[in-house]
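Just the heavy atoms: all of them, side chains too, but no hydrogens, waters or symmetry mates, feed the values below. Note that the numbering runs from 1 along the sequence shown for the chain. Given the structure is predicted, the values throughout are model-derived calculations rather than measurements.
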Amino acid sequence: MRRRIENGITAVCLAMLALLICLPVALLLSGSITGDYEMWERLLPMTPAGEGYVRWHWIPEFPDFSRYGKLLFATPQFFVLFWNSVKITVLILAGQLLVAVPAAWSFARYDFWMKKVWFCVYVVLMLLPFQVTMLSQYLVLDRFGLLDTHWAVVLPAAFSTFPVFLLYRSFRGIPESLLEAARMDGAGEWYLFWRIGLPLAEGGIWSAVVLNFLECWNLIEQPLAFLEEQSLWPLSLYLPQVGLERAGFAMTASVVTLVPALLVFAFGKEYLEQGISAAGTKG
């Protein structure tokens, strides 16, 4: 009976936390179908001339879905920024796979001079915030003439150290006896990496892709620092341009922006759990 009570209390607490986390998403969904007049009436206390507190009804009195049609079919700027986000995210993820997967395999399976020191450098670089490296990145990109191009955002992010750290544990978990047996059968190092390492670390690779997609899709500081031309901006910089007078439109855009991230998370949820478990296992 005591165990059941403890489990029940735990379930209730977790449900309350989950509900609290989902409240902002529910607010976006409700606001995206709220009419302009009703929205302005609710948010009036936030204006300088308003008084009292904001009142919110989760179910609009007169639902209005016209904003979705206007956003998807009559807002060219939104589509330009949306495809900019797709382009930047895909290029970053492709670059990270090309760089991080071989690097993680090398750190996990080979011994070389100052291996632990170099790996510590990778971890330290992962801990550094963008504000610390922004100036050096800006100077390098300016020297190569890459500022105000998508490559200014793609190239620094493609060499991110976080995927290396995440994939290191996945490759480290592969039994050495398996690799030695393959070597005795005549397998070369490329065969070990391509036919054994990659399939066995698939969960970690997909988890890195999912986590970095969520980060790249929401980039704000890097595009804001390196992209001056607004036609090159990603979608994450579109929403801050929408003021209080267009709050309903901003909520609709936020819902549409949220959909790709939710789809990727739903697709990679299982791989994400496997990768995090592998990363937390002592290798």
Any donor and acceptor pair, going by atom type alone, linking the side chain of [X] with main-chain N or O of [Y] inside 3.5 Å?
X: Ser136; Y: Thr133; result: yes
X: Ser106; Y: Pro102; result: yes
X: Asp185; Y: Ala187; result: no
X: Trp233; Y: Asn84; result: no
X: Asn212; Y: Ala208; result: yes
X: Arg67; Y: Thr34; result: yes
X: Thr75; Y: Lys70; result: yes

Tell me, with the steps shown, if Glu221 and Gln131 meet side-chain hydrogen bond (donor to acceptor under 3.5 Å, both in side chains).
CA-CA 9 Å; Glu221 294 176 326; Gln131 292 81 358; 2.6 Å; yes

For [X] and [Y], which heavy atoms make the closest approach, and how far apart are they?
X: Val153; Y: Ile88; value: CG1-CG2, 4.0 Å
X: Leu72; Y: Val256; value: CD2-CG1, 4.2 Å
X: Ser207; Y: Leu166; value: OG-CD2, 3.7 Å
X: Phe65; Y: Ile33; value: CE2-CG2, 3.4 Å
X: Ala225; Y: Met134; value: CB-SD, 4.0 Å
X: Ser236; Y: Ser85; value: N-OG, 4.2 Å

Is it the case that more than 12 heavy atoms not belonging to [X] sit under 6.0 Å from its [atom1] atom?
X: Phe130; atom1: CZ; value: yes
X: Phe193; atom1: CZ; value: yes
X: Phe119; atom1: CZ; value: yes
X: Met16; atom1: CE; value: no
X: Tyr110; atom1: OH; value: yes
X: Phe62; atom1: CZ; value: no
X: Arg183; atom1: CZ; value: yes
X: Leu14; atom1: CG; value: yes

Report yes if some heavy atom in the side chain of [X] is under 4.5 Å from a heavy atom in the side chain of [Y]; otherwise report no.
X: Leu211; Y: Phe162; answer: yes
X: Pro156; Y: Leu141; answer: yes
X: Val255; Y: Met251; answer: no
X: Thr257; Y: Trp217; answer: yes
X: Leu237; Y: Leu81; answer: no

Going from [atom1] on [X] to [atom2] on [Y], what distance comes out if it is rounded to the nearest 0.5 angstrom?
X: Leu147; Y: Leu227; atom1: CG; atom2: CG; value: 9.0 Å
X: Leu146; Y: Leu155; atom1: CG; atom2: CG; value: 6.0 Å
X: Leu192; Y: Leu198; atom1: CG; atom2: CG; value: 11.0 Å
X: Ser32; Y: Asp64; atom1: OG; atom2: CG; value: 10.0 Å
X: Cys216; Y: Gln222; atom1: SG; atom2: CD; value: 9.0 Å

I would like to know whether Leu167 and Phe107 meet side chain to side chain contact (heavy atoms under 4.5 Å, CB included); could you show each step before the answer?
CA-CA 10 Å; Leu167 293 173; Phe107 277 119; over 6 Å; no

Run the side chain to side chain contact (heavy atoms under 4.5 Å, CB included) test on Met126 and Val164 for me, step by step, so that the C-alpha distance in whole Å, both residues' side-chain angles and the decisive distance to 0.1 Å come before the verdict.
CA-CA 10 Å; Met126 181 182 67; Val164 178; over 6 Å; no

Co-membership, hydrophobic cluster, residues [X] and [Y], 4.5 Å side-chain:
X: Val99; Y: Val210; result: no
X: Leu200; Y: Trp190; result: yes
X: Phe159; Y: Trp118; result: no
X: Leu125; Y: Val132; result: yes
X: Phe79; Y: Phe73; result: yes

Could you go through Ile174 and Leu179, starting from their C-alpha distance and side-chain angles, then the distance that decides it, and tell me whether this counts as side chain to side chain contact (heavy atoms under 4.5 Å, CB included)?
CA-CA 8 Å; Ile174 300 175; Leu179 301 179; 4.3 Å; yes

Identify which one of Leu91, Thr89, Val90, Leu97 satisfies the side chain to side chain contact (heavy atoms under 4.5 Å, CB included) criterion when paired with Leu93.
Thr89

Stepwise, does the side chain to side chain contact (heavy atoms under 4.5 Å, CB included) test hold for Leu235 with Phe78?
CA-CA 7 Å; Leu235 195 57; Phe78 181 85; 3.6 Å; yes

Which residue pairs satisfy the side chain to side chain donor-acceptor pair (under 3.5 Å) criterion with at least one member in residues 151-165, sequence neighbours excluded?
none

